[in-house]
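First up is the structure itself, then whatever we jot down about it.
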2 protein chains.
Amino acid sequence: MSEKITIYDIAEKLNITAATVSRALNNNPKIKESTRELVIKTAAAMNYKQNKLALALKSGRSNNIGVIVPRIDSNFFASVIRGIEEELHPHGYQVIICQTHESPKRENENLYTLIDAQVDGILMSVTDVTNENDGAFRNVLEKNVPLIFFDRSKHIDGVSSVTINDFKGGYLTTKHLINEGCRCIAHLSGDQSLEIFKNRFLGYKQALLDNGMIFKEEYVIPVKSMVEAGKEAVDILLQLETPPDAIFSSSDFAALGAIQELKERNISIPKDFCVAGFSNEPFTKFMELSITSVDQSPLEMGKMSARVFLEQVDKTDTIKIEKKVVLAPELHIRKSSSKN
Amino acid sequence: MSEKITIYDIAEKLNITAATVSRALNNNPKIKESTRELVIKTAAAMNYKQNKLALALKSGRSNNIGVIVPRIDSNFFASVIRGIEEELHPHGYQVIICQTHESPKRENENLYTLIDAQVDGILMSVTDVTNENDGAFRNVLEKNVPLIFFDRSKHIDGVSSVTINDFKGGYLTTKHLINEGCRCIAHLSGDQSLEIFKNRFLGYKQALLDNGMIFKEEYVIPVKSMVEAGKEAVDILLQLETPPDAIFSSSDFAALGAIQELKERNISIPKDFCVAGFSNEPFTKFMELSITSVDQSPLEMGKMSARVFLEQVDKTDTIKIEKKVVLAPELHIRKSSSKN
DNA sequence: TACATAGATGTAATCGATTACACGAAAGTA
DNA sequence: TACTTTCGTGTAATCGATTACATCTATGTA
């Protein structure tokens, strides 16, 4: 119903030009005070709203930033997004959400779409590092749109990232299991093409070696981040000649599955078997047999990513600052691994 | 680095006008086939990308839709958003996320910001129905921007909504508890100014009356959706002259708190006390003592909201179709309330 | 041959805001 | 009095794409 009011409407009403109106509204110093006041009052009276699209076209800045995640309905990614939104909202940015569902094709699609939509920056968690068809990434860089990776990163010169120290997370957790007296610690590993999972694995391995324990390939089971995968892994592990007495899982969901399967087999946790997960999903704390897990401070990660973006967005210099922020993982020790 | 290529660049290279280029790229029928092919080939070669902002300004459609939720880091809202994104992505829409943190002020702010950003529609879950300062809502309606409520709705003429039948959810759950043999069923209620919570309460009450049980005010405890609140509620309930033997909680988190407190007091669940929650949060299924809860099909709710939006967005008629979609709640009966 | 018609393309306005440059009036300076 | 500044506004181009209307050419028809 209500006609869209433009600066031309205001100008017409006051018998001045749109240029003057624009200047008055933008606090341009070379405008008479009385004119400014009149314009501002009239604009308010006419319920004028600036057309952000026109502004965006003119300035080349949309005030939108794009966020790409594998999926949004995971506590971790949702929390990161929350952090991003909260940090960027006060600066006038809107957050556009894209999901990849772990598909490199969708990832590229989303990158192109966001660039087409003229976003002022892209914050993302990579889906597949081996994605060679990185014309999409090159495109982003060529357009000089700030790109920031969080959690799942990828090595690209000049691109900043915010991650946690996954190696340390794996190391600390494994060390903790060793301290609890576990002798044979297995690892449920994630997609090794992603650095986060590789580093968790490497931290695990190093902790074993540093503490005089032997590392066995057969104790490392690749799993998807699903309950069922954890059950299957336990099934495999318990058939080994020397079954393990602890599991460090790179996924909370797999850890949960492992626990369910162990209980099914009447193996007592933590007395005879310890389990620890990764991500600190809400349910790990809520269980009666609460699950030890590594917190990744997703909210902080989101806020930090947003801050890194803000630092870069105004740098008109072509000199790219590559900032690598690494947050500290926090091990939450709970019942599933507390023998004492 | 890479210059932005516009249709003018293509036109110049081919010695034709931008109009022709535009027509060729848009499959306008009145263009020579050979010209079209040449333009398309050249555009590809020059790596031309349509500037969506220019298009948006010209057409008045941004291809963005706004989603406003209390917060994104809740499994329910994140899942709804996932549904919305998946349904709208194929239609070329991008999803902009806003959070209110249950603040009416933020809600109004977000509404204005989204309208300013020229979104093509707004899908939202209301924060506070008593929010009288609805200039923000009026503004949306006047601008003829499709508005759709999901889950937490509000009565506004001409505005569509997608909700679940909360009354039925409350009714079914209470009936189930009665069937299990519970005689005194308490209710942990949510903010009664929100219809969803009022309806859950009404369903609970009706189920009691329909089954010859008496409804007692003192059995209704208002709670926040938090673990701690559930504990406190149990503390109050057990001090009553006739303490209840079951709880229907309008929140899974409060239900969890209740269970923790009951266990603390060595009350056996479900033998001596049954508990049921609402929302089917992931953890309810994962607990060893899994929690009975009502599923709200958030993914479906999101997709459905998106579909309702799509139906309305192309209707140029000023006649507003008010569509009220009500999804069926699904009671998931689990250990916390299964005596048999 | 003369004229209507279809086909292909060019011209220019438009969406709404910003801004370099131009211009007239008032004020300051010598 | 004559000339330079300063101040406040107007003019018009610009961002990139779309599209109504105009124009021109080639073809069809009587």
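Letters A, B, ... mirror the listed sequences (proteins, then strands); counts begin at 1.
Checking the phosphate oxygens (OP1, OP2) of D:dG16, no side-chain nitrogen or oxygen of B:T6 falls inside 4.0 Å. A close approach under 4.0 Å does not occur between any side-chain nitrogen or oxygen of A:N26 and OP1 or OP2 of C:dA17. An OP1 or OP2 oxygen of C:dG10 is reached within less than 4.0 angstrom by a side-chain nitrogen or oxygen of B:T20. Contact annotation: A:Q50 side-chain N/O to C:dT18 OP1/OP2 distance is under 4.0 Å. The side chain of B:S22 contributes no N or O atom lying less than 4.0 Å from OP1 or OP2 of D:dA17.
The CD1 atom of A:I5 sits 5.0 Å away from the CG atom of A:D9 when rounded to the nearest 0.5 Å.
The residue among B:N15 and A:A18 whose nearest nucleotide of DNA chain C lies closer to the 5′ end is B:N15. Checking B:R23 against B:K52, the closest nucleotide of DNA chain D that is more toward the 5' end is the one next to B:K52.
Across C:dT18, C:dG10, D:dG16, the shortest atom-to-atom separation from the side chain of A:Y8 is found for C:dT18. Set against D:dT11, C:dG10, C:dA17, the side chain of A:Y48 has C:dA17 as its closest nucleotide. In the set C:dT18, D:dC15, C:dT11, D:dC15 carries the atom at the smallest distance from any side-chain atom of A:L57.
Near DNA chain D, meaning a heavy atom under 4.0 Å from it, residues 27-38 of chain A has A:K30, A:I31, A:K32, A:T35 in order of number.
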